[in-house]
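For reference, the structure is listed below as structure tokens.
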Amino acid sequence: MKSFYITTAIDYVNGSPHLGHAYEKVLTDVIARFRRLMGDQVHFLTGTDEHGQKVQQSARKRGIPPQQLCDEVSAEFRALCAKLNISNDDFIRTTEERHKKVVRAVLQQLFDKGEIYKAEYRGFYSTRQEQFLQEKDRLPDGSWPEIYGEVTEIVEPNYFFKLRAYQDWLVEFLRGHENFIFPRYRQKQVLEFLKEPLNDLCISRPRERLEWGIPLPFDENYVTYVWFDALINYYSAVVDKPGIWPATFHVIGKDILMPPHAVYWPIMLHAAGLALPQGLLAHGWWMTSGAKMSKSTGNALNPLDLVDEFGVDAFRYFLIREMNVGQDSDFTREQFLARYNSDLANDLGNLINRTLNMTNRFGGAQVPAAEVAEEPEREVHALWDKTRDEALTLCEGFQFHAALERTFIFIKSINAYIEKRAPWKLGKSVEAADQALLRTSLATMAEALRLAAALLRAVMPATTDKINSVLGYTPGAVWREELNWGNRLVGAKVAESLVLFPRPAPTPPAVGNKPAGPKS
RNA sequence: GCCAGAGUAGCUCAGUGGUAGAGCAGAGGACUCAUAAGCCUUUGGUCGCCGGUUCAAUCCCGGCCUCUGGCACCA
């Protein structure tokens, strides 16, 4: 079985989960579920990044130990995974011993090889904020903003990793692996960036400034800083699990593609003699009216509430259907409702319910066998084969939004097929030919629905299960075989009815000067 | 400033060297198994702006405008 190891970025615990985190987890989960269905041996890792200045400061502000803060927030991210029905196999925290051990081992190894050296770091330091500032922090007139207090240029000994020595190697590597980064144009960006010489990477902070971190194994007066801690989680989580490394894909936000994942990480691995991942998948951001969606912007709408209101599958469907992986998308309640009502409630949900109803009313609650295959049936069969083939290809290329689009075209075609056959008319006829057509139409709509549901499995797993359940069907172990048109449902006893995606109560018209709707 | 991506119907987007397509929204119709859902028909666009190449450009070239992102030790 082919091994497929996929990761999300680990989330920094200095803030609560928001839509961006949710999207990355859902996207990665859909890929993981899809690969499992395709027969790969999948290992899916997510987790939390827990060290650093900001965590230390936040904990101090609240008067609690940093570990307690990490425990609290990390639990929130775990809860998010559960809420979103994420199928991760492991959840790593950078404060776990299994991780720290590996970070120290890798650092020691690189130090012994001479890849890490001590030198002086020079920069502008804000005592009040306890951090070094960058040129871009300056005001246009060259002075430093008030919040930094007194800023002084200081020189501090630190440890550096020899990034620059590997710059040419990295350029060669990327030229030789054109599909290393998805989407492709991002790889060009990285190569463009690499035309400028790299500086070596400062990987340490003195302990008197930063306590909350992993001590360098070769100098306990320092802790390692950010990347040698965070990135190594991908490796530390599986170091004792044979057959998983290297990663197949790291799914990350475009904001941490360059330089960390596209430059530091490959060089770190190469320098340490470890195999490189097959690829990086950089996704875009959700925006609201052009503004990045995050907690700090104080957007009134909390998209995660939609999970409680409409169910996790509806939420997952929206994220995957609406976002073209790699690009940015807008998130509005209106767009969500449009998708929910049109695709899920009207097209799919209603199709399920009417299929159950008709099977009960005209078929004695049992799926009959198809007896004829005339033009309408042949059209549905042909469209299914085309839909399945295209959808699989699209999913393999991360074009899930397009795969869902095709799938829903097929679902709509089932509705159209039903109108063509009009079983409610056939049901009134006593002619043998009409009765055969009736049985055929009931069989066809049920089978088409089963197939459509199977194709949705990676995106809406609970929905697929429910549809199978009301169709009285238990799917077989091999998903690919489930995608073939057949007669598996013949004789199945179907449920009476199912309203899967109930239409939301109509919003009261926003007229007059009444106060806005009830606050719950 | 440099680099990259994007500017196509009210909205979200697809697309091709030969005077443009889908879904949603809007309008009309026939039906009734169904979540007043579904089905059929339909309105709607000088394809960002200006030039050029071509018999012909939305798609090729040049310039410009606008939006988004990256530009290093910052998550």
Side-chain angles (χ1 to χ4, degrees), chain A residues 9-15 49 52-55 121 123 131-137 158 160-161 163-164 183-203 225-227 230 253-260 262-264 282 284-285 287 290 292 294 321-322 324 326-330 332 334-335 337-339 341-363 401-402 405 408-409 411-427 441-442 445 497-504 506:
Chain A
I10 49 175
D11 300 313
Y12 199 51
V13 293
N14 194 45
D49 179 17
Q53 191 102 34
K54 286 176 181 164
V55 170
Y121 182 88
Q131 62 171 289
F132 278 96
L133 306 178
Q134 299 162 64
E135 285 306 314
K136 69 180 180 188
D137 291 325
N158 261 310
F160 289 81
F161 172 57
L163 267 193
R164 182 155 192 185
R184 244 180 154 164
Y185 72 85
R186 297 235 174 248
Q187 179 137 346
K188 285 193 221 145
Q189 266 182 19
V190 173
L191 282 167
E192 201 60 39
F193 167 80
L194 287 171
K195 284 180 181 165
E196 298 294 313
L198 291 169
N199 291 333
D200 288 344
L201 178 67
C202 178
I203 60 154
Y225 189 63
V226 187
W227 298 116
K254 62 184 187 179
D255 52 327
I256 52 170
L257 173 66
M258 192 169 70
V263 178
Y264 304 160
W285 280 338
M287 323 284 278
K292 183 184 168 189
S294 72
R321 173 64 183 83
E322 206 70 11
N324 186 337
Q327 299 184 0
D328 293 344
S329 267
D330 268 311
T332 65
E334 288 65 38
Q335 274 177 307
L337 283 175
R339 284 279 167 222
N341 284 325
S342 171
D343 296 354
L344 297 180
N346 295 350
D347 287 348
L348 177 59
N350 184 50
L351 170 66
I352 294 162
N353 204 32
R354 66 197 301 218
T355 298
L356 296 179
N357 257 284
M358 282 186 271
T359 307
N360 276 284
R361 192 188 292 208
F362 307 116
H401 69 295
E405 186 199 2
F408 272 81
I409 288 173
I411 287 167
K412 284 180 83 76
S413 85
I414 307 172
N415 277 317
Y417 166 80
I418 292 171
E419 302 293 332
K420 236 177 259 173
R421 282 305 187 200
W424 50 92
K425 281 183 190 157
L426 297 169
S441 63
L442 293 176
M445 68 179 86
S497 71
L498 173 71
V499 176
L500 239 194
F501 299 102
R503 287 195 131 249

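All values below come from the heavy atoms of this structure, side chains included, with hydrogens, waters and symmetry mates left out. Proteins get letters first, then strands, A, B, ... in listed order; numbering begins at 1 in each.
A gap of 16 Å separates the P atoms of B/C60 and B/U8, to the nearest Å. Across B/G23 and B/G5, the matching C1' atoms stand 24 Å from one another, rounded to whole Å. Comparing B/C47 with B/A14, their C1' atoms sit 12 Å apart, to the nearest whole Å. Nucleotides B/U42 and B/C55 are separated by 38 Å at their P atoms, to the nearest Å. Taking the C1' atom of each, B/G45 and B/G7 are spaced 15 Å apart, rounded to whole Å. When the P atom is compared between B/G28 and B/A37, the two are found 15 Å apart, to the nearest whole Å. Comparing B/G48 with B/U66, their C1' atoms are spaced 8 Å from each other, to the whole Å. Taking the P atom of each, B/C49 and B/C65 are spaced 15 Å apart, rounded to whole Å.
The main-chain N or O of A/D347 is found under 3.5 Å from a side-chain atom of A/N415 such that the two form a donor-acceptor pair. No donor-acceptor pair closer than 3.5 Å links the side chain of A/S441 to the backbone N or O of A/P423.
Contacts of A/D343 with the nucleic acid, taken as non-hydrogen atoms under 4.0 Å apart, are absent. Using a 4.0 Å heavy-atom cutoff across all strands shown, A/V190 reaches no nucleic acid atom at all. Using a 4.0 Å heavy-atom cutoff across all strands shown, A/L500 reaches at least one base atom of the nucleic acid. Nucleic acid contact for A/P259: base, since at least one base atom lies under 4.0 Å from a heavy atom of the residue. Looking at heavy-atom distances under 4.0 Å, A/F160 makes no contact with the nucleic acid at all. Heavy atoms of A/Y225 sit under 4.0 angstrom from primed sugar atoms or phosphate atoms, though from no base atom. When heavy atoms are screened at a 4.0 angstrom cut-off, A/A416 is found touching the sugar-phosphate backbone but no base atom.
Residue A/T359 comes nearest to A/T355 through the heavy atom pair OG1-O, 2.7 Å, listed as atom of the first residue, atom of the second, then distance. Between A/F362 and A/W424, the closest heavy-atom pair is CZ-CA, 3.5 Å. Taking every heavy atom of both residues into account, A/L426 and A/R421 meet most closely at CD1-O, 3.4 Å. Contact between A/L498 and A/N353 at its shortest, heavy atoms only, is N-OD1, 3.1 Å.
Residue A/D49 contributes atom CG, which lies 15 Å from atom P of B/C74 at whole-angstrom precision. What separates CG of A/L337 from P of B/A37 is a distance of 14 Å, to the nearest Å. Rounded to an integer number of Å, the gap from CD1 of A/I256 to P of B/A75 is 12 Å. Taking atom CD of A/Q189 as the reference point, atom C1' of B/A6 lies 13 Å away to the nearest angstrom. Distance, A/L356 CG to B/U35 P: 11 Å, rounded to whole Å. For the pair A/Y12 OH and B/C74 P, the interatomic distance rounds to 13 Å; values are reported in whole Å. One interatomic measurement links the two molecules: CD of A/Q187 to C1' of B/C3, which rounds to 15 Å at whole-angstrom precision. When rounded to the nearest whole Å, the span between OH of A/Y185 and P of B/U68 equals 15 Å.
Listed nucleotides B/G69, B/A75, B/A72 differ in distance to A/L198; the shortest reach to its side chain belongs to B/A72. In the set B/C24, B/C40, B/G5, the nucleotide with an atom closest to the side chain of A/K188 is B/G5. Distances from the side chain of A/E196 to the nucleotides B/U68, B/C39, B/A72 place B/A72 closest.
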For RNA chain B, what string of dots and brackets results from 5' to 3' when Watson-Crick and G-U pairs need both distances under 3.5 Å, crossing pairs get [ ], and pairs with another strand get |?
(((((((..((((.......)))).((((.........)))).....(((((.......))))))))))))....
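The residue among A/F193 and A/P502 whose nearest nucleotide of RNA chain B is located toward the 5' end is A/P502.
Looking at heavy atoms from C-beta onward, A/M358 lies in side-chain contact with A/I418 at the 4.5 angstrom threshold. Inter-residue side-chain proximity for A/F193 and A/P259 is flagged as met; some heavy-atom pair is nearer than 4.5 Å. With a 4.5 Å cut-off on side-chain heavy atoms, A/W285 and A/D255 count as touching. Counting heavy atoms from C-beta on, the side chains of A/I203 and A/W227 never come closer than 4.5 Å.
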Protein-nucleic acid N or O pairs under 3.5 Å, nucleotides 26-34 of chain B:
from: B/C33; atom 1: O3'; to: A/R361; atom 2: NH2; distance (Å): 3.2
from: B/C33; atom 1: O2; to: A/R354; atom 2: NE; distance (Å): 3.1
from: B/C33; atom 1: N3; to: A/R354; atom 2: NE; distance (Å): 3.3
from: B/C33; atom 1: N3; to: A/R354; atom 2: NH2; distance (Å): 2.5
from: B/C33; atom 1: N4; to: A/R354; atom 2: NH2; distance (Å): 3.0
from: B/C33; atom 1: N4; to: A/E419; atom 2: OE2; distance (Å): 3.4
from: B/A34; atom 1: OP1; to: A/R361; atom 2: NH2; distance (Å): 3.4
from: B/A34; atom 1: O3'; to: A/N353; atom 2: ND2; distance (Å): 3.2
from: B/A34; atom 1: O2'; to: A/N350; atom 2: OD1; distance (Å): 2.5
from: B/A34; atom 1: N3; to: A/N350; atom 2: ND2; distance (Å): 3.1
from: B/A34; atom 1: N3; to: A/R354; atom 2: NE; distance (Å): 3.3

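For B/U35, neither phosphate oxygen OP1 nor OP2 lies less than 4.0 angstrom from any side-chain nitrogen or oxygen of A/N346. Phosphate contact (OP1/OP2 of B/C24, side-chain N/O of A/K412, threshold under 4.0 Å): present. Between B/A37 and A/R503, a contact under 4.0 Å exists linking OP1 or OP2 to a side-chain N or O.
Among residues two or more places apart in sequence or in another chain, the salt bridge (charged side-chain N to carboxylate O under 4.0 Å, His left out) test is passed with A/D200 by none. Taking the side chain to side chain contact (heavy atoms under 4.5 Å, CB included) definition, one finds that A/A402 meets it with A/L394, A/Q399, sequence neighbours left out. Applying the side-chain hydrogen bond (donor to acceptor under 3.5 Å, both in side chains) test to A/K188 and every residue at least two apart in sequence or in another chain returns nothing.
Here OH of A/Y12 is found 13.5 Å from CD1 of A/I256. Values are rounded to the nearest 0.5 Å.
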Go along nucleotides 10-15 of chain B 5' to 3' and tag each nucleotide: B for a protein heavy atom under 4.0 Å from its base, S when only backbone or sugar atoms are that close, - otherwise.
--S---
